[in-house]
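Okay, structure first, notes after.
Model, not experiment: these values are computed from the prediction.
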2 protein chains.
Amino acid sequence: MSHHKLAFLGFGNVGRALAELLLRKRDELGSRHGITFSVTGIATGSHGAAVDPDGLDLTAAVRAVESGGSLEQFSKAPTTDTMSFLRATGADVMFENTPVNYQTGQPAIDYIRAALNLGMHVCTANKGPVVHAYDELSNLAASQRLHFFHESTVMDGAPIFSLFRHAIPVAQLKAFRGVLNSTTNLMLTRMEGGESFDEAVRYCQQVGIAETDPSGDVDGWDAAIKVAALVTVLMDVPLKPQDVQREGIRGITPEKIAAALADGKRWKLVCSARREEDRIVARVQPELVGPDSPMFSVDGTTSIVEFETDVLGDLSIVEANPGPHTTAYGLLADFINAVS
Amino acid sequence: MSHHKLAFLGFGNVGRALAELLLRKRDELGSRHGITFSVTGIATGSHGAAVDPDGLDLTAAVRAVESGGSLEQFSKAPTTDTMSFLRATGADVMFENTPVNYQTGQPAIDYIRAALNLGMHVCTANKGPVVHAYDELSNLAASQRLHFFHESTVMDGAPIFSLFRHAIPVAQLKAFRGVLNSTTNLMLTRMEGGESFDEAVRYCQQVGIAETDPSGDVDGWDAAIKVAALVTVLMDVPLKPQDVQREGIRGITPEKIAAALADGKRWKLVCSARREEDRIVARVQPELVGPDSPMFSVDGTTSIVEFETDVLGDLSIVEANPGPHTTAYGLLADFINAVS
């Protein structure tokens, strides 16, 4: 058995879902992977932080935050900032779940760098550090024999990155295409049901999957960031979101939707990238897809990616019903793979 | 770098595709995984066998078999039978590619047991040993700190088994459904194009994917064996093909196909299994699927499986264009994972 001390940076919906998943899977982690754990630190944006080298009561911590309370009551060690928090935890694995910053990846990049320098594996669901500092962070991790894993950054819990890492070794990725932004896919599905663009946006805001300013989704930025992350990691070519040719869904009118349906087709916001000679052509744009495409049946918040490699026929992964619990599962899988 | 001696048992289309893939990926195996290899033995059904502890010329061996010649000319050591062949190779990895025996899994089971007892990892594309001796062989492998891997037995090169082994650890499989027999799927696709059942069977025989006696495919036996293999390995419940409720596609007439198409649906030979209380309900049967199902767009020889677990939303894997090269790739991936 190997014991691991875990630190949580960020304890929102995903962090708390991960805490509950860790508790639920505690026995299996022991029996199937020889892993035991204690959580030695949790830091939040608005509920304080707690550090206990002997292990915090995770259930009590979840309850405190969900009832609007503070974590400070559980702390056995004072911490002044994130760096002192990380040091005080004495953790060997850090889960980074702070809010994503699409422009710079900060301050998550600084936190991850600090954790790696303190000897911690890092598991993150945050796309920012992957598109803005992948090479630096993965090299830093490798130089310390640590892992920087980020399974949940694209398609939540669907195991895209570990697929290439373990399941299809020496496969070279030539191209991919798919539907990676579930918010716009749900909007397009709602518009097929008769809603206007504004109504579809409002619906997605009401159910909590679109922001007050929906432009990150509808203008294709989130999709472009996911394309950049996949290209950077899986094609080994650093690519920034602004290098992705990008067109959102604002131009898809109810009339266009109706015409497509009458023709037996559907509009999808398609993400794609292809290696061409010495460069990558990467795109996010609305495309018409017919029933012969695996993208055709991808409804609502379901997402799909189709990989073209040098060794397999086309391989597609489809993920339905994502949510904080699937994002949390990706982090748990990263943890197991990092320490196994 | 770690050097591995490889033995090939069976050197048909898949074995030779694996030989060519090993040669093509030799540099990457070294640079990305620190693996070097030599092939110390190849045994065939009708082209003799060759053993050379210093390593055979793989290109020459492929050429000899493809031109109808014998491998004996390359042999540096006499072998009288498969057991003496295995011993003489001194290999630490054995690729088992002998013809499948659906009823008993023999003689492949004996060969695999012998190889494991000689200290070899075993990678096989043969479904027989998985459905007839999985527990014995995987326990024997584990007791010797060896691996018994079989990625290519279901969905060829699509990484179903290593997905659960590495990419989604501690996930419990509750149910799966999919289209796993590509021959019947191609037949149904041809019938949608206007062919009769007999014409569709003949076409599949002409292109070499159906046997002279097509009953293994059309009566659902191959599909039932794949269901049994998935249940046995991924649900940890030994299941025999005859325990799968099984109905083939002989009852799907051109009239039924036409009626389905007129209704916007398609007939698919659907494989499924579900854990219910303390038992597994496993089925192979024709089902009508509509465009809301990811199975709807699965044409020709493409296959799909949809997994329902306790930790993720539904996760589907779709594999297009399988062939000997994808089966070979699954064996290569097994080799890399076995020795890494």
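The choice from A:Gly264, A:Ala167, A:Gly290 that makes the most heavy-atom pairs within less than 4.5 Å of chain B is A:Ala167. Comparing B:Leu332, B:Val170, B:Ile336, B:Leu315 by heavy-atom pairs within less than 4.5 Å of chain A, the highest count is held by B:Val170. Note: B:Gly313 leads B:Gly313, B:Gly323, B:Gly330 in heavy-atom pairs under 4.5 Å with chain A. Put simply, of A:Pro159, A:Pro169, A:Pro294, the one with the most heavy-atom pairs under 4.5 Å next to chain B is A:Pro169.
In this structure, chain A has no heavy atom under 4.5 Å from any part of B:Ile304. With a 4.5 angstrom heavy-atom cutoff, B:Leu312 touches chain A via backbone and side-chain atoms both. Of the two parts of A:Ile160, neither the backbone nor the side chain holds a non-hydrogen atom closer than 4.5 Å to a non-hydrogen atom of chain B. B:Ala328 does not touch chain A: none of its heavy atoms, backbone or side chain, sits under 4.5 Å away. Residue B:Pro322 does not touch chain A at all, counting heavy-atom pairs closer than 4.5 Å.
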Polar pairs (donor with acceptor) under 3.5 Å from chain B to chain A:
unit_1, atom_1, unit_2, atom_2, d
B:Arg24, NH2, A:Asp310, O, 3.4
B:Lys25, NZ, A:Val170, O, 2.7
B:Lys25, NZ, A:Asp310, OD2, 2.6
B:Glu28, OE1, A:Gln172, NE2, 3.4
B:Glu28, OE2, A:Gln172, NE2, 3.3
B:His166, O, A:Asn337, ND2, 3.0
B:Ile168, O, A:Tyr329, OH, 3.2
B:Pro169, O, A:Tyr329, OH, 2.5
B:Val170, O, A:Lys25, NZ, 2.6
B:Gln172, NE2, A:Glu28, OE1, 3.4
B:Gln172, NE2, A:Glu28, OE2, 3.3
B:Asp310, O, A:Arg24, NH2, 3.4
B:Asp310, OD2, A:Lys25, NZ, 2.6
B:Asp314, O, A:Ala320, N, 2.8
B:Ser316, N, A:Val318, O, 2.8
B:Ser316, O, A:Val318, N, 2.9
B:Val318, N, A:Ser316, O, 2.9
B:Val318, O, A:Ser316, N, 2.8
B:Ala320, N, A:Asp314, O, 2.8
B:Tyr329, OH, A:Ile168, O, 3.2
B:Tyr329, OH, A:Pro169, O, 2.5
B:Asn337, ND2, A:His166, O, 3.1

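Residues in residues 289-322 of chain A take part in these ring-ring contact (aromatic ring centres under 6.0 Å, His included) pairs, two or more places apart or across chains: A:Phe164-A:Phe307.
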